[in-house]
Amino acid sequence: MIDLEIVREHPEVVEANLARRRRPEYLTQLAAVRAADVDWRATVRVADELRRRRNELSRGIAEARAGGGPSEALSAEAKALPVRMREVELREAELRDARDRALRRLPNLLDESVPYGRDDSENVVVGTWGSPGPADPGLRSHAELLEGLGMADFDRAHRTSGAGFYYLFGDFVLLDLALQRFALDLLVDRGFTPVAPPYVLRRAPYEGVTDLADFENVMYRIQDEDLYLIATSEHPLAALHAGEILDPDDLPLRLAGVSPCFRKEIGGHGVDQKGIFRTHQFQKVEQFAYVRPEESAAMLEELRANAEEVFRRLEVPYRVVTVCTGDLGTVAAKKYDVEAWFPRQQAYREVVSCSNCTDYQARRLGIRLGKAGRPEKQTPHTLNSTAVATSRGLAVIVEQYQQPDGTVTIPTALRPYLGGRDALRPSGRPH
RNA sequence: GCUGAGGUAGCCUAGCCCGGCAAGGCGCCAGCCUUGAAAGCUGGUGGGGUUUCCCCACGGGAGUUCAAAUCUCCCCCUCAGCGCCA
């Protein structure tokens with residue numbers, strides 16, 4: 001959530017920033033926040049005065065009784081006060097709630113370097129690596145290849161669990177684990193601490209890490225429980241320090257989350273729907289960092305460099321885009337996507353999302369900076385980035401490394417994790 | 001799931017039975033002292049406001065009352081023991 005102080009002191013700055021997101025309702029919401037805040041402050045004064053008088057009378061009654069004197073006159077006035085107070089305090093609470101609800105719905109302030117644009121077609125390419133191969137009509141989709149190898153069964157999974165789920169088999173399962181371990185080792189080398197987080201979160205901490213629309217559209221809820229399946233380990237990693245005071249000397253904190261991810265909304269249409277590119281469930285190794293405010297811009301580049309390094313070592317061509325103002329999510333101030341080259345589709349598709357959430361997440365979670373015994377008002381920044389998601393990461397490897405005979409060569413970087421296997425070959429799993 | 005104990009400021013704790021301005025310790029900040037530091041001493045150390053003062057804040061909410069940390073009701077969370085369990 002945006003700092004209320006900034007809204008009060010520099011409303012024109014906030015307004016100009018929100019306007020860049022090209023959603024007029026944000027400006028309406030901002031106006032609502034400001035109006036409710038002004039009214040709230042005025043109402044607080046009235047309520048304060050009533051409470052002051054009541055406290056004064058209460059003390060008078062207590063003193064009169066202690067001195068054995070009469071207190072009836074005071075009591076008479078005191079009895080009349082609560083009626084008026086109830087009314088004013090109700091108004092005070094309503095205004096505060098209205099202000100806070102509207103404030104929480106406002107998106108993060110955009111970083112100045114975010115390009116202005118309408119939608120993902122106006123994201124700006126900031127780097128490419130490797131060269132996409134020429135179009136080849138003989139190339140097969142990853143789903144087709146995996147089924148041919150006996151390493152995935154989508155049809156049965158659709159019957160047991162619905163579209164968006166899958167069974168994986170044999171060496172492909174080992175490849176999945178190898179890819180996770182490969183990414184994790186790379187991060188550990190670079191100072192990250194691996195974290196196995198809880199796969200469910202309560203609603204209260206969850207509201208701190210994401211916006212409310214996600215509860216309707218994205219998250220699976222456990223029936224009759226106040227628990228939601230995580231959509232990414234970013235969420236439990238952000239909630240990890242909710243309500244705490246972090247020592248700036250301990251920052252930056254680099255965490256590498258490993259977990260399955262569950263998402264109801266998997267959206268979109270396009271070629272090769274079948275497979276593991278868009279799924280309700282996948283594994284992900286996630287980078288997460290808590291940093292001092294002045295460090296977050298540099299940390300965003302660090303996380304991005306790590307994500308790029310994963311795909312370089314896998315020798316998968318990719319490009320990096322800066323997500324434009326119209327396509328940026330609520331929580332991020334700036335975001336890069338890494339898009340890997342899918343040769344059959346002849347297209348770059350998103351495989352990594354790398355975000356600087358600045359103080360937006362941390363403030364909602366009640367995280368502050370401070371030394372022991374000396375909490376400060378300043379809020380740390382949080383950042384997150386995919387290292388590798390082993391749905392899309394696997395999909396692109398299969399497409400990129402497919403051979404004419406239907407086998408799939410294993411990237412050199414992953415072979416040490418696979419006991420010397422150099423290819424996925426038909427497993428002979430009976431159908 | 002059952003039983004019990006708890007939730008008070010950055011941390012730890014008292015107050016609750018018996019309603020009347022939230023006490024104390026640690027940590028932290030400042031000052032004094034000191035060559036310097038420690039110790040010691042003094043003051044300060046939650047949020048807000050129209051800032052000599054006032055209001056709010058004791059897990060959350062409702063109620064009783066002139067007045068609630070304190071009494072009543074509902075809910076949430078944590079810990080311990082028991083039960084169940086890979």
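Letters A, B, ... are given to chains in the order of the sequence lines, protein chains preceding strands, and every chain is numbered from 1.
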> Can you tell me how far C1' in B/G15 sits from the matching atom in B/A23, rounded to whole Å?
Replying inline: 8 Å
>> Tell me which nucleotide, if any, is Watson-Crick or G-U wobble paired with B/C18 when both distances must be under 3.5 Å.
In response: none
> With rounding to whole Å, what would you report as the distance between B/G36 and B/G24 at their C1' atoms?
Replying inline: 33 Å
>> Partner lookup for B/C11, please. Criteria are Watson-Crick or G-U wobble with both distances under 3.5 angstrom; report none if nothing qualifies.
In response: B/G25
>> Quick check on B/C55: is either OP1 or OP2 less than 4.0 Å from any side-chain nitrogen or oxygen of A/Arg45?
In response: no
> What does B/G83 pair with, Watson-Crick or G-U, if both distances are under 3.5 Å?
Replying inline: none
>> Looking at B/U78, which nucleotide sits across from it as a Watson-Crick or G-U wobble partner, both distances under 3.5 angstrom, or is there none?
In response: B/A5
> Atom CD of A/Glu9 to atom P of B/G48: distance rounded to whole Å?
Replying inline: 11 Å
> How does protein reach along nucleotides 66-72 of chain B, written 5' to 3' as B (base within reach of a heavy atom under 4.0 Å), S (only sugar-phosphate), or - (no contact)?
Replying inline: BS-----
> Counting just side-chain N and O atoms, does A/Arg51 come under 4.0 Å of either OP1 or OP2 of B/C21?
Replying inline: no
> Between A/Ser233 and A/Val195, is a side-chain contact (heavy atoms from CB on, under 4.5 Å) present by the stated rule, with each step listed?
Replying inline: CA-CA 9 Å; A/Ser233 61; A/Val195 182; over 6 Å; no
>> Pairing check on B/U64: which nucleotide meets the Watson-Crick or G-U wobble criteria with it, both distances under 3.5 Å?
In response: none
> A/Leu50 has an atom CG; how far is it from atom P of B/U50, in whole Å?
Replying inline: 18 Å
>> Please report the distance, rounded to the nearest Å, between CD in A/Glu92 and P in B/G47.
In response: 18 Å
>> I need the minimum non-hydrogen distance between A/Leu229 and A/Met219, along with the two atoms involved.
In response: O-CG, 3.4 Å
> Can you tell me how far C1' of B/G61 sits from CD of A/Glu94, to the nearest Å?
Replying inline: 16 Å
> Considering every strand shown, what is the Watson-Crick or G-U wobble mate of B/A39 when both distances are under 3.5 Å?
Replying inline: none
> Can you check whether A/Phe262 and A/Tyr199 have ring centres sitting under 6.0 Å from each other?
Replying inline: no
> Should the ring pair A/Tyr220 and A/Phe165 be called parallel, tilted or perpendicular, given that the plane angle runs from 0 to 90° and is split at 30 and 60?
Replying inline: tilted
> If you draw the axis of the six-membered ring of A/Tyr167, does the NZ or CZ of A/Arg156 fall within 45° of it and under 6.0 Å from the ring centre?
Replying inline: no
>> Strictly by Watson-Crick or wobble contacts shorter than 3.5 Å, is anything paired with B/U34, and which nucleotide is it?
In response: none
> What's the CG-C1' distance between A/Leu201 and B/C77, to the nearest Å?
Replying inline: 16 Å
Ignoring hydrogens and angles, write down the donor-acceptor pairs under 3.5 Å from the side chains of residues 81-94 of chain A, residues two or more places apart or on other chains.
{"residue": "A/Glu89", "atom": "OE2", "partner": "A/Arg51", "partner atom": "NH1", "Å": "2.8"}

> Counting side-chain heavy atoms from CB outward, which of B/G49, B/G48, B/C77 is closest to A/Arg41?
Replying inline: B/G49
> So, A/Arg53 and A/Glu49, do they make that salt bridge, N to O below 4.0 Å?
Replying inline: no
>> Whole angstroms only, please: what is the CH2-C1' distance between A/Trp40 and B/C56?
In response: 10 Å
> Tell me: CZ of A/Arg86 to P of B/U64, nearest whole Å?
Replying inline: 6 Å
>> With a 3.5 Å limit on both atom pairs, tell me what B/C53 is paired to, counting Watson-Crick and G-U wobble, or say none.
In response: B/G49
> Can you tell me how far C1' in B/G27 sits from the matching atom in B/C11, rounded to whole Å?
Replying inline: 7 Å
> Expressed as a whole number of Å, how far does the P atom of B/C77 sit from that of B/A30?
Replying inline: 42 Å
>> Please report the interatomic distance CG(A/Leu414) to OH(A/Tyr401), rounded to the nearest 0.5 Å.
In response: 8.0 Å
>> If the threshold is 4.0 Å, N to carboxylate O, is there a salt bridge linking A/Asp185 and A/Arg181?
In response: yes
>> Here's a test of your reading of the structure: between A/Ile245 and A/Ala47, which maps to the more 5' nucleotide of RNA chain B?
In response: A/Ile245
> Rounded to whole angstrom units, what separation is found between the CD atom of A/Glu89 and the P atom of B/G63?
Replying inline: 11 Å
>> What's the gap between B/A22 and B/C56 when it is taken at their C1' atoms, as a whole Å value?
In response: 13 Å
